[in-house]
Amino acid sequence: PDARGVDVALLYLPIRFRLLGHESRRVPSVEHGLPPTRDILHCWGRTPAADTLHVVVCHLPSKGGGLDGQRNRELAVQTLVSLVDSLGPTCRLMVMGDFNADPFDRLFRRLPTLTDLAPRHRYPAVGSYFFRGRWSWIDHILLSASLSHGALRSVSAPWWQDGTATGFWKPRRTYLGKGYHGGVSDHLPVVVSLPL
């Protein structure tokens, strides 16, 4: 329902993850008189070890937009927390996406059964998002205690990059304003290896 047509999706290899089901959780923005925002996607399937893995993909609203923006973000966070709580503490769960929040944000305290894999550096040398001359980690992968894991990292390639006036580089955006810029995204992908 997002006015820009922005959705979330899960891409997977069928030999590594056999999809058993999926649902979209609607954030009740419109019911509260707010502009609609993106749904939260919940998928579940079997891994090669024949265990069920739940994957939640989200793109939470930004912190901007005044009081309405804050209310919309809070509704999205409540929807996410409710979904995670409904799955229970023993569920094998991965939550990932653009949280529009650094690792120190209080929203992660509302998900106490999950571990955020994003590095906890205030101003890292590299992150997933470059804004106003600084890198940050606003793209996260959170895991339940039942999943062992490696470290989270961002990945890049020269053709994903633009130079800045200060000599640094940043991800090449798809659009600059309304003009097509030819890049992939203003975020870098984040990656973690999981033994499934």
Side-chain angles (χ1 to χ4, degrees), residues 1-2 5-31 36-62 72-120 127-129 137-156 184-185 187-196:
D2 182 276
V6 178
D7 293 313
V8 296
L10 176 68
L11 304 178
Y12 61 93
L13 293 172
I15 61 169
R16 302 288 298 157
F17 183 77
R18 185 167 58 91
L19 186 68
L20 297 175
H22 62 89
E23 64 171 338
S24 287
R25 289 283 179 108
R26 179 67 46 101
V27 176
S29 305
V30 175
E31 293 84 341
T37 190
R38 296 163 285 262
D39 291 350
I40 295 174
L41 178 64
H42 171 213
C43 301
W44 56 97
R46 294 269 187 209
T47 61
D51 291 326
T52 300
L53 175 66
H54 292 261
V55 181
V56 173
V57 186
C58 61
H59 186 167
L60 299 182
S62 73
N72 220 355
R73 180 174 173 79
E74 177 56 28
L75 288 170
V77 170
Q78 287 175 2
T79 303
L80 175 62
V81 170
S82 175
L83 171 58
V84 169
D85 288 349
S86 74
L87 295 172
T90 60
C91 174
R92 297 178 76 234
L93 174 62
M94 173 190 295
V95 179
M96 61 183 171
D98 179 353
F99 285 73
N100 274 303
D102 69 28
F104 302 95
D105 195 280
R106 66 175 187 238
L107 87 85
F108 297 108
R109 292 195 296 268
R110 295 172 67 180
L111 299 164
T113 60
L114 302 177
T115 300
D116 182 9
L117 303 183
R120 295 181 65 81
S128 66
Y129 187 67
W137 290 95
I138 65 171
D139 302 283
H140 298 262
I141 297 177
L142 290 75
L143 299 178
S144 60
S146 57
L147 292 172
S148 58
H149 56 83
L152 184 74
R153 61 188 172 86
S154 60
V155 294
S156 185
V184 175
S185 174
H187 295 245
L188 293 178
V190 295
V191 177
V192 67
S193 294
L194 302 176
L196 298 175

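Because the structure is predicted, anything quoted here is derived from the model rather than measured.
Screening residues 80-101 for ring pair (Phe, Tyr, Trp, His ring centres under 6.0 Å) gives Phe99-Phe108, Phe99-His140 as the qualifying pairs, with residues at least two apart or on separate chains. The side-chain hydrogen bond (donor to acceptor under 3.5 Å, both in side chains) contacts involving residues 80-95 comprise nothing, where partners must be two or more places apart or lie in separate chains. Screening residues 41-57 for side-chain hydrogen bond (donor to acceptor under 3.5 Å, both in side chains), with sequence neighbours left out, gives Glu23-His42, His42-His54, Arg46-Thr52.
Annotation: salt bridge (Lys or Arg N to Asp or Glu O under 4.0 Å) contacts of Arg73 (sequence neighbours excluded): none. Partners of Thr113 by side-chain contact (heavy atoms from CB on, under 4.5 Å), not counting sequence neighbours, listed by chain and number: Val84, Pro89. In this structure, the ring-ring contact (aromatic ring centres under 6.0 Å, His included) partners of Tyr12, at least two apart in sequence or on a different chain, are Phe17. Residues that satisfy the salt bridge (Lys or Arg N to Asp or Glu O under 4.0 Å) test with Arg16, not counting sequence neighbours, are absent from this structure. Residues passing the salt bridge (Lys or Arg N to Asp or Glu O under 4.0 Å) test with Asp7: none are found, sequence neighbours excluded. Considering only residues two or more places apart in sequence or on other chains, Ser154 meets the side chain to side chain donor-acceptor pair (under 3.5 Å) condition with none of them. Residues satisfying the side chain to side chain donor-acceptor pair (under 3.5 Å) test with Arg153, not counting sequence neighbours, are none. Applying the salt bridge (Lys or Arg N to Asp or Glu O under 4.0 Å) test to Arg18 and every residue at least two apart in sequence or in another chain returns nothing.
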Ignoring hydrogens and angles, write down the donor-acceptor pairs under 3.5 Å from the side chains of residues 187-196, residues two or more places apart or on other chains.
unit_1 : atom_1 : unit_2 : atom_2 : d
His187 : ND1    : Asp139 : OD1    : 3.2
His187 : ND1    : Asp139 : OD2    : 2.8
His187 : NE2    : Asp98  : OD2    : 3.4

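Using a 4.0 Å cut-off between charged side-chain N and carboxylate O, Glu74 and Arg110 make a salt bridge.
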